[in-house]
Novice: 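Handing you this structure, nothing more for now.
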Amino acid sequence: MPTAFAADPLSVRHSDVWLHDVAFHRGKFYLVEAVSGAGKTSLCSFLYGMRSDYAGDVLFDGRNIRSLSRAEWNDVRCRSLSVLFQDLRLFEELTVEENIALKNDLTHFQSEARIEELLAAAGMADKRTTPVGRLSFGQQQRVAFVRALCQPFDFMLLDEPVSHLDAVNGRILAQLLTDEARRQGAGILVTSVGSRLEMSYDHLLHL
């Protein structure tokens, strides 16, 4: 997944990403570290096709993503790209299981038994019928994490996924993600402003 960006040369002269040609390969794990405001969320939004206000080109399997139709983007997001947003984008009035079902009912990727296993591993089994708005942000991060696993993916983008998690839960989620990515032969891109998802990364980039 090659990417090329252009930005203010003065503010990004030490970046490994902006103003460079960067390739993200399926099956590899990438950590992108940066200070606050350097563009971690923007990078994820560019790669996921949610923003197009960049200079340069973003290519997916050799194709410029600006040329993708809405239907093609829907297919890419259902089959190739999964994302865990920094702001999570959960529906607070819906329960944990309802939020997860919104994704899994579209993809039919995980069985009910597997979802129960994931929730149990994430320490959320007893919160299935709890409205998400009543959970702490750290608990909501775990719900969003399980939801992100409810689809096939060639890449998963995770924007500061452990900002409100303790070390134990962070390690649990890292192992779940590693296992699923290895099973699918998928690539992982994690952004971090300090606390990182503890995984064995193939590449470390500074934004």
Side-chain angles (χ1 to χ4, degrees), residues 1 3 5 17 24 29-54 58 60 65 68 70 73-107 109-110 115 118-119 122 124 127 131-165 169-170 172-174 176-178 180-181 184 186-197 199 205 207:
M1 188 164 61
T3 60
F5 304 94
V17 176
F24 299 116
F29 294 1
Y30 300 85
L31 177 65
V32 179
E33 291 192 325
V35 298
S36 180
K40 298 178 302 300
T41 298
S42 295
L43 174 62
C44 290
S45 296
F46 295 155
L47 296 178
Y48 199 62
M50 295 185 63
R51 287 178 54 184
S52 59
D53 54 327
Y54 55 85
V58 178
F60 186 78
I65 64 172
L68 296 177
R70 180 170 299 183
W73 264 121
N74 288 340
D75 187 65
V76 166
R77 290 168 182 152
C78 282
R79 300 177 184 275
S80 295
L81 287 180
S82 186
V83 62
L84 198 163
F85 297 103
Q86 184 178 353
D87 60 3
L88 306 183
R89 306 196 181 189
L90 297 169
F91 294 91
E92 293 189 352
E93 70 277 13
L94 300 182
T95 66
V96 168
E97 60 185 3
E98 288 171 340
N99 269 278
I100 293 172
L102 286 175
K103 170 65 73 71
N104 204 60
D105 286 350
L106 290 174
T107 64
F109 185 66
Q110 301 287 11
I115 291 174
L118 291 170
L119 286 172
M124 298 299 295
K127 303 294 186 182
V132 163
R134 297 182 186 175
L135 302 178
S136 69
F137 193 83
Q139 290 173 319
Q140 291 182 25
Q141 280 187 312
R142 284 179 270 169
V143 174
F145 185 92
V146 172
R147 182 185 62 182
L149 293 177
C150 288
Q151 71 166 83
F153 57 91
D154 295 312
F155 284 91
M156 184 181 289
L157 313 173
L158 301 99
D159 190 12
E160 294 190 49
V162 293
S163 60
H164 288 71
L165 294 183
N169 279 308
I172 290 171
L173 297 189
L176 291 174
L177 177 59
T178 297
E180 186 63 33
Q184 298 193 49
I188 300 296
L189 190 152
V190 178
T191 72
S192 171
V193 72
S195 300
R196 62 170 65 175
L197 191 64
M199 301 171 58
L205 302 170
L207 198 59

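Predicted model, so just to flag it, every value in this text is computed and none were measured.
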Novice: May I ask you to test the D154-L81 pair for a side-chain heavy-atom distance under 4.5 Å?
Specialist: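 When only atoms from C-beta onward are counted, L81 and D154 do not touch, as no gap falls below 4.5 Å.
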Novice: With sequence neighbours left out, what residues match R77 under salt bridge (charged side-chain N to carboxylate O under 4.0 Å, His left out)?
Specialist: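 Scan of R77 (salt bridge (charged side-chain N to carboxylate O under 4.0 Å, His left out), adjacent residues dropped) gives none.
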Novice: Taking only residues two or more places apart in sequence, or in another chain, which ones meet K127 in a salt bridge (charged side-chain N to carboxylate O under 4.0 Å, His left out)?
Specialist: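 By the salt bridge (charged side-chain N to carboxylate O under 4.0 Å, His left out) rule, K127 matches no residue at all.
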Novice: Checking E33 against L207 for the side chain to side chain contact (heavy atoms under 4.5 Å, CB included) test, could you report, in this order, the C-alpha distance in whole Å, the side-chain angles of both residues, the deciding distance, and whether it holds?
Specialist: CA-CA 6 Å; E33 291 192 325; L207 198 59; over 6 Å; no
Novice: Any sub-3.5 Å donor-acceptor pair from Q151's side-chain atoms to K103's backbone N or O?
Specialist: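 Not at all, since once roles are kept as given, no pair shorter than 3.5 Å links the two residues.
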Novice: Kindly write out the residues that satisfy side chain to side chain contact (heavy atoms under 4.5 Å, CB included) with L94, not counting sequence neighbours, or none if the list is empty.
Specialist: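 L94: side chain to side chain contact (heavy atoms under 4.5 Å, CB included) contacts with F91, E98, N99, L102.
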Novice: If the condition is salt bridge (charged side-chain N to carboxylate O under 4.0 Å, His left out), which residues does D105 pass it with, not counting sequence neighbours?
Specialist: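 Listed in chain order: nothing, the list is empty.
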Novice: Who are the side chain to side chain contact (heavy atoms under 4.5 Å, CB included) partners of E97, not counting sequence neighbours?
Specialist: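 Scan of E97 (side chain to side chain contact (heavy atoms under 4.5 Å, CB included), adjacent residues dropped) gives T95, R128, T129.
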Novice: If you measure from OH on Y30 to CG on L158, what distance do you get to the nearest 0.5 Å?
Specialist: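 Spacing of OH (Y30) from CG (L158) equals 14.5 Å.
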Novice: Using side-chain heavy atoms (C-beta onward) and a distance below 4.5 Å, is L31 in contact with L205?
Specialist: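 Not in contact.
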Novice: So which of T191, V83, V190 actually passes side-chain contact (heavy atoms from CB on, under 4.5 Å) with L157?
Specialist: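 It is V83; the other options fail the test.
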Novice: Taking the side chain as every heavy atom from C-beta outward, state whether F155 and L189 have any pair of such atoms under 4.5 Å apart.
Specialist: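 They are not in side-chain contact.
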Novice: Report the residues that fulfil side chain to side chain donor-acceptor pair (under 3.5 Å) with S82, sequence neighbours left out, ordered by chain and then residue number.
Specialist: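 If we apply the side chain to side chain donor-acceptor pair (under 3.5 Å) test to S82, skipping adjacent residues, there are no hits.
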Novice: Check ring pair (Phe, Tyr, Trp, His ring centres under 6.0 Å) between Y48 and all other residues, then give those that pass, not counting sequence neighbours.
Specialist: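 In terms of ring pair (Phe, Tyr, Trp, His ring centres under 6.0 Å), with neighbours along the sequence ignored, Y48 is linked to F85.
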Novice: May I ask you to test the P161-L173 pair for a side-chain heavy-atom distance under 4.5 Å?
Specialist: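 Not touching, per the 4.5 Å side-chain cut-off.
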Novice: Return yes if some donor-acceptor pair links the side-chain N/O of E160 with the main-chain N/O of D87 below 3.5 Å, else return no.
Specialist: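 A pair under 3.5 Å: no.
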Novice: Is there a side-chain contact between F60 and L68 (heavy atoms, below 4.5 Å)?
Specialist: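 Answer no - side chains too far apart.
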Novice: Checking side chain to side chain contact (heavy atoms under 4.5 Å, CB included) for the pair V162/R196: CA distance, chi angles, key distance, verdict?
Specialist: CA-CA 7 Å; V162 293; R196 62 170 65 175; 5.7 Å; no
Novice: Applying side chain to side chain contact (heavy atoms under 4.5 Å, CB included) to I65 and F46, what does each step give before you reach the verdict?
Specialist: CA-CA 9 Å; I65 64 172; F46 295 155; over 6 Å; no
Novice: Quick check: closest heavy atoms across S192 and G194, and the distance to 0.1 Å?
Specialist: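 In terms of heavy atoms, the two residues are closest at OG-N, 3.1 Å.
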Novice: Is any side-chain heavy atom of S42 closer than 4.5 Å to one of R51?
Specialist: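 R51 vs S42: side chains touch.
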Novice: Q140: what forms a side chain to side chain donor-acceptor pair (under 3.5 Å) with it, not counting sequence neighbours?
Specialist: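 For Q140, no residue satisfies side chain to side chain donor-acceptor pair (under 3.5 Å) once neighbours in sequence are set aside.
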Novice: Are the side chains of R142 and N169 in touch, meaning some heavy atoms are under 4.5 Å apart?
Specialist: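 SC-SC contact between R142 and N169 confirmed.
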Novice: I'd like to check the side chain to side chain contact (heavy atoms under 4.5 Å, CB included) partners of Q184; sequence neighbours left out, ordered by chain and number.
Specialist: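 Checked Q184 against side chain to side chain contact (heavy atoms under 4.5 Å, CB included); matches are F109, P152, F153, E180, A186.
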Novice: Kindly determine whether R147 and L90 satisfy side chain to side chain contact (heavy atoms under 4.5 Å, CB included), including the steps that lead there.
Specialist: CA-CA 10 Å; R147 182 185 62 182; L90 297 169; 3.4 Å; yes
Novice: What heavy-atom pair brings T107 and C150 nearest, and what distance separates the two atoms?
Specialist: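 Heavy atoms of T107 and C150 come nearest at OG1-O, 2.6 Å.
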Novice: Restricting to salt bridge (charged side-chain N to carboxylate O under 4.0 Å, His left out), what partner residues turn up for R79, sequence neighbours left out?
Specialist: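 D75.
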Novice: Would you please name every residue forming a side chain to side chain contact (heavy atoms under 4.5 Å, CB included) with V146, sequence neighbours left out?
Specialist: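 Side chain to side chain contact (heavy atoms under 4.5 Å, CB included) list for V146, sorted by chain: I100, L118, L119, A122.
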Novice: Using the side chain to side chain donor-acceptor pair (under 3.5 Å) criterion, which residues pair with S45? Sequence neighbours excluded.
Specialist: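 For S45, no residue satisfies side chain to side chain donor-acceptor pair (under 3.5 Å) once neighbours in sequence are set aside.
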Novice: Would you compute the distance between atom CE of M199 and atom CG of L177 and round it to the nearest 0.5 angstrom?
Specialist: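 Output value for this atom pair is 4.5 Å.
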Novice: Strictly distance-based, threshold 3.5 Å: is any side-chain N or O of Q141 a donor or acceptor partner for the main-chain N or O of H164?
Specialist: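 The answer is yes, because a donor-acceptor pair under 3.5 Å joins these two groups.
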